[in-house]
There are 2 protein chains.
Amino acid sequence: MNDVLVVDDDPHILKALKITLHAHGYNVMTAPDGGSALRSAAQYPPDAIVLDLGLPDLDGTTVIKRVRQWSRVPILVLSARHGSDDKVKALDAGADDYVTKPFGLDELLARLRAVQRWSFQADEAPVVTTASFTVNLAMRQVTRGGQDIRLTPTEWGILEILARNPEKLVTQQQLLTEIWGPAYAKEASYLRVYMAQLRRKLEPEPGNPRHFLTEAGIGYRFQP
Amino acid sequence: MNDVLVVDDDPHILKALKITLHAHGYNVMTAPDGGSALRSAAQYPPDAIVLDLGLPDLDGTTVIKRVRQWSRVPILVLSARHGSDDKVKALDAGADDYVTKPFGLDELLARLRAVQRWSFQADEAPVVTTASFTVNLAMRQVTRGGQDIRLTPTEWGILEILARNPEKLVTQQQLLTEIWGPAYAKEASYLRVYMAQLRRKLEPEPGNPRHFLTEAGIGYRFQP
DNA sequence: GTGCGGATGAAAGGAACCTGAAATGGCCGA
DNA sequence: TCGGCCATTTCAGGTTCCTTTCATCCGCAC
């Protein structure tokens, strides 16, 4: 709930914002231009975007419109331009707030809190179903034969990644780095422990898995 | 969807705003001070409020807080004061945007559209009922066996978030950042204190909760 | 058939973490 | 001054995680 993507072409401002936001508990990602901002937002969807309008590659409103095609994440625009024309365009493109430079950091933080208040409860409900169980990603809930299955945080982390990539082969490194961090990329035995627990809780026949398939030496595949 | 309540003590501004907004398709109600604004908003709930901070009777942030006790209607603040302190206070009291005078009418209209975008989708059931108690989100009231239950502001904040997301798993971070701010995202022990108080007040068997379920290491789930 | 290496699944123990309950001091408004 | 609310800490009990060990399985070369 605290991932913020900050987009600005000035590295000094980028750094200053990163430090300030981090000091207030946000987990900050940065991008220096529109293209990388869009890529970053697609790969790691943030919970808010702070966007400078004066980018080297893309027009600011273009970035807003592109993001709005697939996400309703709150967008807070920073700009040096005071013209009301720019403000109207950015806001109507889908921005949620517009702050002109220079701005107070207190104000920026307060506005960030304000735009985040709304978004918190507005996300979609993707559901993945198999013959044996159902995974509700938004509710973070797994049901099997009408019964709720209790999963530990680590078990859920693995299941979530697999369920978001059905039928795709997910490598051990991907899972390890996502859940334990890059330093654990070689600890494949951890995966075996938790895959076994997932199978025990969800597979009808844990010894002969039908949904969590092992690809020896490479990774795992989730078969709905 | 177009009823706007405009609050300002200057009759000229009031009239000018009324004409402008009306010309853009809004149905405008007006109030010259905080007291009548609150009465008007309660009697004819508007779809947005444009609020001048410099009112003769009540402090602006007081008006915002009072409205927020029972409504999430978008509030757009107008003010002559540029100080960031006023902005932060108003935004944290529950305002959705803050415009300093003098402002362009185009900008005001664009910001009004921006804050209204969110409220479109926010018409959830204002009353949540469980086997043991009833939560009235709009009236900020909890009843149990016909008796009103008194909740402290923090307790209510937590209950409100959980009740607006029934059956969904709400993470500790979500609760902490919503209520205490992002900097407190790690203080999970605060949550335990207030969840225990909520359970004591609302659960039939506080030691064995049926409605406020703990998901160890992740968060809490509200089961109606 | 036999031996071998790499990888897998099962099991287990202690460490680390999470939880609910309770208690304390500070702050603020009545 | 008092009472209510809040922030913060401590503690015991329980759960989850990390890590290692061991038997098994599979493909492959000899």
Side-chain angles (χ1 to χ4, degrees), chain A residues 25 140 142 149-160 169-173 175-221, chain B residues 59 61-62 65 69 92 140 142 148-160 169-173 175-221:
Chain A
R140 219 169 170 159
V142 188
I149 303 287
R150 268 180 42 80
L151 294 185
T152 69
T154 312
E155 287 162 9
W156 173 263
I158 293 175
L159 176 62
E160 185 174 12
L169 174 55
V170 183
T171 67
Q172 297 176 347
Q173 292 191 0
L175 289 166
L176 287 165
T177 49
E178 282 278 326
I179 292 170
W180 282 276
Y184 291 74
K186 299 232 169 101
E187 301 286 352
S189 53
Y190 296 2
L191 276 181
R192 289 202 286 280
V193 173
Y194 289 96
M195 287 303 303
Q197 286 175 2
L198 272 179
R199 283 170 174 153
R200 226 173 293 146
K201 290 186 178 178
L202 299 179
E203 288 275 6
E205 215 179 325
N208 181 25
R210 309 167 61 109
H211 303 109
F212 300 101
L213 308 180
T214 303
E215 301 273 341
I218 312 176
Y220 295 88
R221 185 194 306 276
Chain B
D59 181 41
T61 59
T62 308
K65 282 181 189 158
Q69 296 203 338
D92 280 340
R140 228 164 220 261
V142 188
D148 276 18
I149 303 286
R150 266 181 39 80
L151 294 185
T152 70
T154 311
E155 287 163 9
W156 174 262
I158 292 174
L159 177 62
E160 184 175 13
L169 175 52
V170 183
T171 66
Q172 298 174 349
Q173 290 195 356
L175 289 166
L176 288 165
T177 49
E178 279 284 316
I179 293 171
W180 282 275
Y184 291 75
K186 299 239 169 90
E187 301 288 352
S189 50
Y190 297 2
L191 275 181
R192 289 202 286 280
V193 173
Y194 290 97
M195 286 304 303
Q197 285 174 3
L198 272 180
R199 283 171 175 153
R200 256 198 298 276
K201 290 186 178 177
L202 299 178
E203 288 275 6
E205 213 179 326
N208 180 24
R210 309 169 63 103
H211 305 295
F212 301 100
L213 307 182
T214 302
E215 301 271 342
I218 314 174
Y220 295 87
R221 190 192 300 277

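Just so we're on the same page: letters track the sequence lines, and every chain starts at 1.
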For P153(B) and S189(A), take the nucleotide of DNA chain D holding the closest heavy atom to each; which residue's nucleotide lies nearer the 5' end?
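Nearest nucleotide further toward 5': that of P153(B).
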
Grab the [atom1]-[atom2] distance between [X] and [N] for me, whole Å please.
{"X": "E203(B)", "N": "dG20(C)", "atom1": "CD", "atom2": "C1'", "answer": "14 Å"}
{"X": "K186(A)", "N": "dA7(C)", "atom1": "NZ", "atom2": "P", "answer": "12 Å"}
{"X": "W156(B)", "N": "dC6(D)", "atom1": "CH2", "atom2": "P", "answer": "14 Å"}
{"X": "L151(B)", "N": "dG4(D)", "atom1": "CG", "atom2": "P", "answer": "16 Å"}
{"X": "R192(A)", "N": "dG9(C)", "atom1": "CZ", "atom2": "C1'", "answer": "8 Å"}
{"X": "N208(B)", "N": "dA21(C)", "atom1": "CG", "atom2": "P", "answer": "11 Å"}
{"X": "E215(B)", "N": "dT15(D)", "atom1": "CD", "atom2": "P", "answer": "15 Å"}
{"X": "Y184(A)", "N": "dC18(D)", "atom1": "OH", "atom2": "P", "answer": "7 Å"}

Would you indicate, yes or no, if [N] has its OP1 or OP2 atom less than 4.0 angstrom from a side-chain nitrogen or oxygen of [X]?
{"X": "W180(B)", "N": "dC6(D)", "result": "no"}
{"X": "Y220(B)", "N": "dG20(C)", "result": "yes"}
{"X": "T154(B)", "N": "dC6(D)", "result": "yes"}
{"X": "T152(B)", "N": "dC6(D)", "result": "yes"}
{"X": "Y194(B)", "N": "dC5(D)", "result": "no"}
{"X": "R150(B)", "N": "dC5(D)", "result": "yes"}

Given that A196(A) and I218(B) both sit by DNA chain C, which one's nearest nucleotide is further toward the 5' end?
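Checking each residue's closest nucleotide, the 5'-ward one belongs to A196(A).
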
Under the 3.5 angstrom rule, does the side chain of [X] hit a backbone N or O of [Y] as a donor-acceptor pair?
{"X": "E203(A)", "Y": "N208(A)", "result": "no"}
{"X": "R221(A)", "Y": "E215(A)", "result": "no"}
{"X": "R210(A)", "Y": "P204(A)", "result": "no"}

Mark yes when over 12 heavy atoms from residues, nucleotides or ligands other than E160(B) sit less than 6.0 Å from its CD; otherwise mark no.
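Yes, CD of E160(B) has more than 12 neighbouring heavy atoms, counting only those of other groups under 6.0 Å.
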
Going by side-chain contact (heavy atoms from CB on, under 4.5 Å), Y194(B) matches just one of I158(B), L159(B), L151(B). Which one?
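The single option meeting the side-chain contact (heavy atoms from CB on, under 4.5 Å) with Y194(B) is I158(B).
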
When we call it a touch if two heavy atoms are under 4.0 Å apart, what does [X] touch: a base, just sugar-phosphate, or nothing?
{"X": "E155(B)", "value": "nothing"}
{"X": "Q172(B)", "value": "sugar-phosphate"}
{"X": "R200(A)", "value": "nothing"}

